[in-house]
Structures are given as C-alpha cells and as structure tokens.
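Residue numbers begin at 1 in each chain, while the letters A, B, ... track the order of the sequences.
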Number of protein chains: 2
Amino acid sequence: MHSELYNIGQAAKASGISAKMIRHYEEVGLLPAASRTLSGYRTYNHQDVHMLRFIRHSRDLGFSIKQIADLLSLWRDMNRPSSKVKQLATEHIEMLNQKIQELNAMKSELTRLVSCCHGDERPDCPILDELAQDK
Amino acid sequence: MHSELYNIGQAAKASGISAKMIRHYEEVGLLPAASRTLSGYRTYNHQDVHMLRFIRHSRDLGFSIKQIADLLSLWRDMNRPSSKVKQLATEHIEMLNQKIQELNAMKSELTRLVSCCHGDERPDCPILDELAQDK
DNA sequence: GCTTGACCTTACCATCGTTGTAAGGTCTAG
DNA sequence: CTAGACCTTACAACGATGGTAAGGTCAAGC
C-alpha cells in the first residue's frame, strides 16, 4: 500500500467533491484538519480520499452534514451496533418521505389548477383566481 | 368597503405571512414600500392584505420569489393572456417533478440499503459498506 | 534563471427563504 | 407613569454550494 499524496485538486477529482467543499468540510469540522506541505498546501492520502468518497456517497443520498458526521463516527467505530446506522438511515428516509409528500401535494394542487386553465390569449385564469382567493 | 388600516402584526395575522417576511418581501422588491404612520409604522389596507394572501398561496405552492413577482404582475395585468400563467405554473410543476424524482431516487436507494441491514447489536452493516465503496 | 500558467492559500460575498437577536422607539391599558 | 406588547432597523445564522479577489507556489519550457 503506497501512501501516495494528493493535493486538494487531486483529492477533489478522486473523490468527486470540489476543492471548495473539501475546505468547507474541514472548516466546519466534518473533516479533520488536513496535513500540510511546508508551503501550506493541504495533502491527502488514500485513506483521506476514501473518507471523502464516503462523504460524497452520503451526500448523494441527501444526508445532512450533521448526519454525515454521525455516519462517519459510526463508520470509524468498529464496535458500532448496526442498529444505530439503520436507525439513522431510517430517520432520513422519513425526512425524505415528508419532503416528497409536501412536493407531491404542491404538484397535485398545481396540476389541478393548470388543468382548469385554458391557457390561451384570454385573461381569465382560474390559477390566478385561486391564488387570489381569501380562504 | 372600509379601508381599515392594519399594522404589520395585524397584516401578518390576516395574511399568514410573518411580519418578518413582510418586511423582507418589501426589501427585495416583491412588495411596494408600505405607507407609514407619522411614527414610522408600516400600514396596510384590505387590498394590501389581499396581495399578501396571494403571495402566501403562491409560496405554499412552492413558487420562488421571482416566480411570485411574475405571478403578481400577471395578476395585476388585466390583459394578460392566461397562457402565460399556465406556462409559469407548468414550468414550476416540471421543477417539482424533478425534485420529487431526485428525492425518490435517494429514498429507494436508501430503502434498499436499510432492508439489507440487520439492525442489531453487531457491527456488520451493509449501509456503511456501500457508503465506503470506491465505485 | 525567468516566465507562464495552473494550481494552491485565505477571506470574503452571494444564493434562497426564513428565523433569531439586539437595541431602540411607540402605543395602549391600568 | 409604567409595564408590556408592539413597532423600527440592522445584523447574523441556517444549509450547501458557488463565485471572486488578491496573493503565494509549483512545474514545465525557453
């Protein structure tokens, strides 16, 4: 196993997280402070890049930074109970469900309104009428 | 028709938009500058509150401030073609669809992972395994 | 050795919609 | 006259990300 070093741009490419966000994650404490070259450049090794990939995958699934921090600490804890991970994921699914439900409610209401609107050159518009309703 | 006056708190209650946000909407130009009492308090009349309700309904459907500004100007334009309103709404539905799709993708992936995880006291966890994968 | 260009550094500001806070002025009821 | 509820402005924060600016560093080519 070589411990070849990456600078932040290479780590970004290898992990799929922008250099910008890597610095940000470090600043907010999601990542430990990277080691530096003499001239101050951040350096990353394979393990660091592995962690970055973990973060990206978590982010792609919509986990918040706080949740990702929890996932990372579970990941590092070799004695974690898998129930904790499952619970975290399940809670996130619930959050997703809630958001999806909200968006779906908006969508169906809007779809209903749109289907009522002629959509021609005349000014009459049930969409505006409904938005203007006092209900 | 009385033109009874509301102060910002009363307008907030009557419209369902917080006083805070009413000020914000004024600041960003979604609302015209409110008239003021001698002592500087903002005052609103029935028509203003009606507009605030319009904004709230639009917001409840997920329209952005920019879109609401467009809706408001269509609302005020008695010669608008309803096609413009319909198009705006349709574009928003498309945006909603896109977001819903993204969230659903996250949800189904997560659901799959969760269903693979025992969720007991043992540390083995396919959720973490997958997040840590190099793919 | 010097220049060029690509990279790195920090430190800001912007987005979007909303909330919170602080410090102060005003109004109204007791 | 005072207490408390309201109003005012101005600022910062959230969440994740992007942008910009001003400057230092590195590697390649001349």
Side-chain angles (χ1 to χ4, degrees), chain A residues 4-31 33-44 48-49 52 54-72 91-92 95-96 98-99 102-103 106, chain B residues 5-31 33-44 48-49 52 54-72 92 95-96 98-99 102-103 106:
Chain A
E4 199 180 322
L5 292 184
Y6 301 74
N7 63 25
I8 200 169
Q10 295 164 329
K13 244 181 208 165
S15 67
I17 299 184
S18 70
K20 197 93 190 166
M21 290 312 295
I22 295 177
R23 293 192 194 96
H24 177 65
Y25 291 156
E26 178 180 327
E27 195 186 2
V28 301
L30 181 60
L31 292 172
S35 31
R36 306 275 186 140
T37 66
L38 287 178
S39 58
Y41 283 23
R42 290 173 178 80
T43 59
Y44 301 89
D48 295 328
V49 169
L52 287 172
F54 184 98
I55 291 174
R56 181 172 64 80
H57 291 149
S58 305
R59 199 193 54 180
D60 288 348
L61 289 175
F63 285 104
S64 69
I65 289 195
K66 171 72 181 63
Q67 287 174 314
I68 296 176
D70 292 343
L71 285 171
L72 275 175
E91 282 165 8
H92 182 44
M95 186 104 85
L96 289 173
Q98 197 178 329
K99 282 190 187 171
E102 286 172 15
L103 296 183
M106 292 177 185
Chain B
L5 292 185
Y6 301 74
N7 64 25
I8 200 170
Q10 296 164 327
K13 244 181 209 166
S15 67
I17 299 183
S18 70
K20 199 92 189 166
M21 289 312 296
I22 294 178
R23 292 192 195 97
H24 177 65
Y25 291 155
E26 177 180 328
E27 196 186 0
V28 300
L30 181 60
L31 291 172
S35 29
R36 305 278 186 137
T37 65
L38 287 178
S39 58
Y41 281 23
R42 289 175 179 80
T43 60
Y44 301 89
D48 294 327
V49 169
L52 286 172
F54 184 99
I55 291 175
R56 181 172 64 80
H57 291 148
S58 305
R59 198 192 55 180
D60 288 347
L61 288 175
F63 285 105
S64 69
I65 290 194
K66 171 72 180 62
Q67 288 173 313
I68 296 177
D70 292 344
L71 284 171
L72 276 174
H92 183 43
M95 187 104 86
L96 289 173
Q98 198 178 329
K99 283 190 186 170
E102 286 172 15
L103 295 183
M106 293 176 183

Does [Y] offer a backbone N or O that forms a donor-acceptor pair with the side chain of [X] under 3.5 Å?
X       : Y       : result
B:Thr43 : B:Thr37 : no
A:Arg42 : A:Ile8  : no
B:His92 : B:Leu61 : yes

Round to the nearest Å and state the distance from [X] atom [atom1] to [N] atom [atom2].
X       : N      : atom1 : atom2 : value
B:Lys20 : D:dT9  : NZ    : P     : 11 Å
B:Tyr44 : D:dT8  : OH    : C1'   : 12 Å
A:Ile8  : C:dA6  : CD1   : C1'   : 15 Å
B:Lys99 : D:dA16 : NZ    : C1'   : 13 Å
A:His24 : C:dC13 : NE2   : P     : 17 Å
A:Leu31 : D:dA16 : CG    : C1'   : 14 Å
A:Glu27 : C:dT9  : CD    : C1'   : 13 Å
B:Lys66 : C:dA14 : NZ    : P     : 20 Å

Subject >> Closest to the A:Ser18 side chain, choosing from C:dT18, D:dG19, D:dG18 >> reply: D:dG18
Original post:
Where the side chain of A:Asn7 is concerned, which of C:dG17, D:dT8, C:dC7 is the nearest nucleotide?
Top reply: C:dC7
**OP:** Considering non-hydrogen atoms only, spot the tightest contact between A:Ile22 and A:Leu31 and give its length.
**Re:** O-CD1, 3.7 Å
Whether [X] contacts [N] is assessed here as follows: a side-chain N or O lying under 4.0 Å from the phosphate OP1 or OP2. Is that the case?
X       : N      : answer
A:Arg42 : C:dT9  : yes
A:Tyr25 : D:dT17 : yes
B:Arg59 : C:dC16 : no
A:Ser39 : D:dC26 : yes
A:Arg23 : C:dT9  : yes

Subject >> Test item: B:Asp70 and B:Phe63 side chains (from C-beta on) under 4.5 Å apart, heavy atoms >> reply: no
**OP:** Record whether the side chain of B:Tyr41 comes under 3.5 Å of the base of C:dG25 through a donor-acceptor pair of N or O atoms.
**Re:** yes
**OP:** Answer with base, sugar-phosphate or nothing: what part of the nucleic acid does B:Ser64 contact at a heavy-atom distance below 4.0 Å?
**Re:** sugar-phosphate
